[in-house]
Amino acid sequence: MKKSFKKKGGNHQRSAMSQSAEGDVKAKKHLGQHFLTDEGVAEKIAGTLSYSGYEKVLEIGPGMGVLTKYLLKKDLDVHVIEIDRESVAYLQEHYPALQGKIHEKDFLKYDVSEIFGQEQFAIIGNFPYNISTQIVFKMLELREYIPEFSGMFQKEVAQRICEKEGNKTYGILSVLVQAFYEAEYLFTVPPSVFNPPPKVDSGVLRLTRKEDLSLPCDEKLFFRVVKTAFQQRRKTLRNSLKIFDLPENITEDSIFGLRPEQLSTARFIELTQKIQPHAV
Ligand code: SAH
């Protein structure tokens with residue numbers, strides 16, 4: 001792996017490598033590796049979880065452990081999942097406290113119940129940006145086990161997740177996440193504190209699960225309605241939801257005259273309730 005990276009290394013990567021200290025993990029672009037170099041920012045991100053109501057934490061993509069080191073100071077059971085063998089070797093060497101808790105796996109494919117069983121756990125990370133959206137969707141699938149989630153994405157994704165209705169960036173991720181979590185955009189982090197620096201600003205957010213996880217409508221249908229509506233976000237719901245083949249007396253309702261970005265999570269639930277008796 002090391003070898004092929006060196007061969008492929010362009011100028012950009014080479015200059016990043018020259019900034020790295022001897023023995024550091026070499027940043028691999030295809031794994032979305034941008035290592036945080038500012039300890040103050042790392043500590044601040046580690047401080048975004050409340051650490052109450054659960055005893056276990058999963059960090060996704062620890063890299064060289066800049067964030068992990070602050071997590072280990074908390075009185076918690078910290079597990080990390082890292083796809084990169086070189087980073088795993090680095091962590092094993094530098095963080096003996098993580099022994100048996102470093103999982104060399106792809107978060108998107110791994111069944112985390114192998115680590116946590118049926119227990120609650122928080123997720124944290126300076127996440128790999130190339131798979132941001134997939135991480136959020138997987139987190140939603142696991143919501144029953146995840147009371148809290150915080151960390152860093154590219155700024156635009158973090159903002160989109162926390163956006164309210166009525167805004168251009170409000171979309172599928174905003175509605176689905178906010179159906180189950182309170183979403184807060186916390187702060188922005190500039191490219192200059194990463195090695196190599198990403199092309200965009202980063203944003204840190206926190207998601208806190210709502211007390212009541214169950215929706216007062218069919219959940220599968222809710223996901224389908226939200227996704228279908230935003231596939232044609234400029235159209236009114238009457239047009240974009242034609243595929244549901246609803247009777248006219250239903251679509252006469254004024255809610256169908258709106259565009260998806262005008263609907264809060266609560267109104268999407270209301271919409272799903274109206275569609276539900278007629279959905280096949
Ligand atoms: N948290 C570190 C590294 C951030 S870069 C820091 O702040 O410096 C993102 C990290 O995610 C890299 O270490 C990369 O190897 C890892 N990663 C990428 N894809 C992954 C996946 N599918 N599962 C687990 N880790 C992944």
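As the structure lists them, so they are numbered: ligands from 1, and atoms in each ligand from 1.
Protein heavy atom in closest approach to atom 15 (O) of ligand 1: Glu82 OE2, 2.5 Å. Of the protein's non-hydrogen atoms, Phe107 N, 3.0 Å is the one closest to atom 23 (N) of ligand 1. Nearest protein heavy-atom contact of atom 12 (C) of ligand 1 is Gln33 CG, 3.4 Å. Nearest to atom 6 (C) of ligand 1 among the protein's heavy atoms is Asn126 ND2, 3.4 Å. Of the protein's non-hydrogen atoms, the one nearest atom 18 (C) of ligand 1 is Leu31 O, 3.1 Å.
Contacts with ligand 1 closer than 4.0 Å are made by backbone heavy atoms (N, CA, C, O) of His34 only, the side chain lying farther away. When heavy-atom distances to ligand 1 are checked against a 4.0 Å cut-off, Ile81 comes that close only through its backbone atoms N, CA, C and O.
For residues 236-257, the set of pairs meeting the salt bridge (Lys or Arg N to Asp or Glu O under 4.0 Å) definition, not counting sequence neighbours, comprises Asp253-Lys274.
Checking only distances, Asp84 never comes within under 3.5 Å of ligand 1, N or O to N or O. Inclusion of Leu108 in the set of residues having an N or O under 3.5 Å from an N or O of ligand 1 is not warranted. At a 3.5 angstrom cut-off on N or O pairs, Leu36 counts as close to ligand 1. Considering backbone and side-chain atoms alike, Gly61 places an N or O below 3.5 Å from some N or O of ligand 1.
Checked for salt-bridge contact, Lys69 and Glu39 meet the test: a charged N lies under 4.0 Å from a carboxylate O. Salt-bridge annotation for Lys168 and Glu261: absent, with no side-chain N of the basic residue lying under 4.0 Å from a carboxylate O of the acidic one.
By the 4.5 Å heavy-atom criterion applied to side chains, Val80 and His103 are not counted as neighbours.
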Would you please test Lys28 and Glu86 for salt bridge (Lys or Arg N to Asp or Glu O under 4.0 Å) and show each step?
CA-CA 10 Å; Lys28 300 165 197 72; Glu86 197 188 349; 2.7 Å; yes

Given salt bridge (Lys or Arg N to Asp or Glu O under 4.0 Å), test Glu219 with Arg143 step by step and report yes or no.
CA-CA 13 Å; Glu219 284 184 13; Arg143 60 188 178 270; 2.5 Å; yes

When you look at Glu270 and Arg267, which way does the salt bridge (Lys or Arg N to Asp or Glu O under 4.0 Å) test go after all the steps?
CA-CA 5 Å; Glu270 186 192 325; Arg267 293 217 77 194; 3.3 Å; yes

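For Lys28, the heavy-atom gap to ligand 1 stays at 4.0 angstrom or more. Within the structure, the closest approach of Asp106 to ligand 1 falls below 4.0 Å when heavy atoms are considered.
Atoms of ligand 1 found under 4.0 Å from any heavy atom of Val66, numbered from 1 in the order shown, are 6 (C), 7 (O), 8 (O). The distance from ligand 1 to the heavy atoms of Lys105 drops below 4.0 Å at these ligand atoms: 23 (N), 24 (C). Near Phe35, meaning under 4.0 Å from one of its heavy atoms, ligand 1 places the atoms 3 (C), 8 (O).
Within 6.0 Å of atom NZ in Lys138, more than 12 heavy atoms from other residues, nucleotides or ligands are found, so the atom counts as buried in its surroundings. Within a 6.0 Å radius of CD in Glu55, no more than 12 heavy atoms belonging to other residues, nucleotides or ligands are found.
In this structure a side-chain-to-backbone donor-acceptor pair under 3.5 Å is present from His34 to Pro196.
By heavy-atom distance, the residue among Gly151, Gly32, Ser87 lying nearest atom 9 (C) of ligand 1 is Gly32. One option in Ile135, Ile83, Leu91 has a heavy atom closer to atom 25 (N) of ligand 1 than any other, and that option is Ile83. Considering each of Pro198, Pro62, Ala42, the one bringing a non-hydrogen atom nearest atom 2 (C) of ligand 1 is Pro62.
Screening Gln159, Arg160, Gln154 for a side-chain hydrogen bond (donor to acceptor under 3.5 Å, both in side chains) involving Glu156 leaves a single residue, Arg160.
For the pair Lys210 and Tyr181, the cation-pi test (distance below 6.0 Å, angle within 45°) is failed.
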